[in-house]
Student: 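Please find one structure pasted underneath; my questions will follow.
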There are 2 protein chains.
Amino acid sequence: MAIQKTSLVDIAIDRIKSYIYEHNLKPNDKFFSEKELINKLQVSRTVIREALISLQAVGILQVKSGGGVYVAEPKLDPIHTILKHRYSTYGVKIKELMQTREIIELGALRLIIENQIDVDIDHLKALNDSYYETIMKNEDTKKYDRLFHESLIKATQNTTYCTFAEMVNEYFSLVKINEKEDGLLLAYKQHDEMIEAIRERSLQRAQQVMKKHFEPIFYLIHQMEDNK
Amino acid sequence: MAIQKTSLVDIAIDRIKSYIYEHNLKPNDKFFSEKELINKLQVSRTVIREALISLQAVGILQVKSGGGVYVAEPKLDPIHTILKHRYSTYGVKIKELMQTREIIELGALRLIIENQIDVDIDHLKALNDSYYETIMKNEDTKKYDRLFHESLIKATQNTTYCTFAEMVNEYFSLVKINEKEDGLLLAYKQHDEMIEAIRERSLQRAQQVMKKHFEPIFYLIHQMEDNK
DNA sequence: TAAATAAAATTGGTCTGACAATATTATACC
DNA sequence: GGTATAATATTGTCAGACCAATTTTATTTA
């Protein structure tokens with residue numbers, strides 16, 4: 001006689017996951033319907049439904065109302081949910097997060113230059129030009145700044161690195177930070193200098209500029225910490 | 001009259017999450033029971049249960065059989081599940097992952113040295129000594145190697161950085177890589193040299209050794225790519 | 001009175017059956 | 001063949017029941 005230490009739902013979840021991986025199912029593949037799973041696993045519809053709901057929550061399955069069950073496209077949304085919970089519980093030291101971001105960006109420069117990756121310099125320049133325009137027009141500058149840094153990460157052509165960098169940025173998006181309005185032009189120039197350094201394949205120069213680029217933020221954080 | 005575009009379960013999930021965050025509930029706080037939620041949200045037990053299951057899957061709630069519902073301690077387990085799905089779907093270029101790991105470790109050295117963090121040198125030495133012993137005794141070396149690198153990350157005293165590094169390592173644990181048995185002694189010496197470099201606060205030297213430390217792995221990867 | 005034990009109440013786990021809402025498929029029509 | 005319609009399949013929600021695990025309360029005992 002078998003000892004049922006875990007719940008039926010957990011068992012169902014395990015068996016469904018195993019099936020997906022052993023049969024190498026890919027995103028958007030149609031999966032079994034609830035009824036089929038009931039027959040296959042010999043449990044009630046309740047158990048099947050709760051297993052499906054659970055697998056949907058972590059982005060493994062996608063249940064379409066009236067349309068059936070499908071293997072889901074891996075998204076970072078559930079991770080965002082999880083990080084949000086973590087943030088809400090532990091909080092996050094803004095300084096720690098900025099240090100992490102700095103390391104990620106310095107690392108991107110290293111990956112690009114040491115591996116001699118071909119970078120679309122014009123694209124970076126175009127983004128930075130748009131950034132310049134928003135500064136001049138006194139519009140919202142955040143968008144193009146973010147795009148510039150994102151493009152820098154993507155330029156590594158390392159999708160794994162991009163994924164994790166994206167997670168860090170997701171985490172960052174949960175934090176509110178008052179940004180100073182001065183220094184925008186300086187940031188623009190630093191972007192430009194980074195592009196130049198990348199073109200020259202000078203890691204040291206690129207990283208030096210990047211560190212300068214982060215300095216005002218750390219100065220701000222330092223001030224905040226002193227004030228409290 | 002309201003249009004019900006999302007499912008009741010999704011609405012329940014949102015309302016429960018909102019309640020947790022707005023009331024600033026912390027891990028291990030007792031949450032409402034199913035019955036209470038039924039009265040509160042005016043939906044069937046099915047809907048409540050599916051919402052709870054979903055929130056449990058992403059590590060926000062913990063449902064204890066017979067004991068009630070609690071706010072969960074943030075864990076990385078759900079993220080591990082998600083990354084595993086991602087890995088199984090897209091695969092992961094081992095080279096990309098190792099590059100990411102290298103960046104993380106180089107970054108750790110930078111954080112430690114530039115911020116002049118006090119590092120427990122003796123602890124690192126002790127771990128490396130244990131590593132040495134397992135080499136000599138021809139036992140499993142992986143454990144102490146992993147502990148050494150983990151300690152290096154933790155030495156940054158940047159918990160945010162540690163969290164993300166842990167995710168990368170979780171991802172790494174999914175990948176099987178044949179490691180060569182030679183070069184273990186070299187690795188031991190490199191660990192030791194890193195410790196020395198940290199003690200001297202020499203970022204350049206520490207990073208140089210770390211890069212040397214990763215070289216054989218990249219060489220291996222390079223060979224594998226050539227062979228296929 | 002305090003601790004150990006037993007009973008009761010609470011709470012989550014699973015099952016069944018039913019009907020509604022939605023998506024897919026088959027059919028009839030032009 | 002294409003389109004509108006009907007039939008079918010599938011998921012969403014509800015209600016009620018019973019079991020299992022846990023907690024609370026009551027009772028007994030030292």
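Letters A, B, ... mirror the listed sequences (proteins, then strands); counts begin at 1. Quick caveat, the model's predicted, so the values are computed rather than measured.
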Student: Using the test side-chain hydrogen bond (donor to acceptor under 3.5 Å, both in side chains), find all partners of Asn28(A) that sit at least two apart in sequence or belong to another chain.
Tutor: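 Asn28(A): side-chain hydrogen bond (donor to acceptor under 3.5 Å, both in side chains) contacts with Glu73(A).
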Student: Rounded to whole Å, how long is the line connecting atom CG of Leu55(A) with atom P of dT11(D)?
Tutor: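 From Leu55(A) CG to dT11(D) P: 14 Å.
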Student: Just the rounded figure in Å: distance from P of dG13(C) to CD1 of Ile38(B).
Tutor: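 After rounding, the reported distance stands at 13 Å.
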Student: Taking only residues two or more places apart in sequence, or in another chain, which ones meet Ser65(A) in a side-chain hydrogen bond (donor to acceptor under 3.5 Å, both in side chains)?
Tutor: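 Applying side-chain hydrogen bond (donor to acceptor under 3.5 Å, both in side chains) to Ser65(A) gives none.
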Student: Is there a donor-acceptor contact under 3.5 Å linking the side chains of His149(A) and His213(A)?
Tutor: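 Per modelled atom types, His149(A) and His213(A) side chains form a pair under 3.5 Å.
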Student: May I have the distance from Phe31(A) (atom CZ) to dT10(D) (atom P), rounded to whole angstrom?
Tutor: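 Atom CZ in Phe31(A) sits about 14 Å away from atom P in dT10(D).
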Student: The criterion is side-chain hydrogen bond (donor to acceptor under 3.5 Å, both in side chains); which residues satisfy it with Glu166(B), sequence neighbours excluded?
Tutor: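 If we apply the side-chain hydrogen bond (donor to acceptor under 3.5 Å, both in side chains) test to Glu166(B), skipping adjacent residues, there are no hits.
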Student: In whole angstrom, what separates Ile48(A)'s CD1 from dT16(C)'s C1'?
Tutor: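 Value for this atom pair: 15 Å.
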Student: Once side-chain contact (heavy atoms from CB on, under 4.5 Å) is applied, do any residues pair with Ala72(A), and if so which ones, sequence neighbours excluded?
Tutor: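 Applying side-chain contact (heavy atoms from CB on, under 4.5 Å) to Ala72(A) gives Gln62(A).
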Student: Whole angstrom is fine here: how far is it from CD in Glu50(B) over to P in dT14(C)?
Tutor: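 Taking CD of Glu50(B) and P of dT14(C), I get 13 Å after rounding.
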Student: Going by side-chain contact (heavy atoms from CB on, under 4.5 Å), name the residues that satisfy it together with Ile103(A), two or more places apart in sequence or in a different chain.
Tutor: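 With sequence neighbours excluded, Ile103(A) shows a side-chain contact (heavy atoms from CB on, under 4.5 Å) to Arg110(B), Leu111(B), Tyr161(B), given in chain and number order.
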Student: If you find the nucleotide of DNA chain C closest to Val9(A) and the one closest to Tyr70(A), which residue's nucleotide is nearer the 5' end?
Tutor: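 The residue closer to the strand's 5' end, by nearest nucleotide, is Val9(A).
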Student: Using whole Å, what does the distance between atom P of nucleotide dT11(D) and atom CD1 of Ile53(A) come to?
Tutor: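 So the two atoms are 11 Å apart, to the nearest Å.
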Student: Can you pull every protein N or O that's under 3.5 Å from an N or O on nucleotides 8-12 of chain C?
Tutor:
unit_1	atom_1	unit_2	atom_2	d
dG12(C)	OP1	Glu34(B)	N	3.4
dG12(C)	OP2	Glu34(B)	N	2.9
dG12(C)	O4'	Gly66(B)	N	3.0

Student: Using whole Å, report how far CD1 of Ile13(B) lies from C1' of dT13(D).
Tutor: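 To the nearest whole Å, that distance equals 15 Å.
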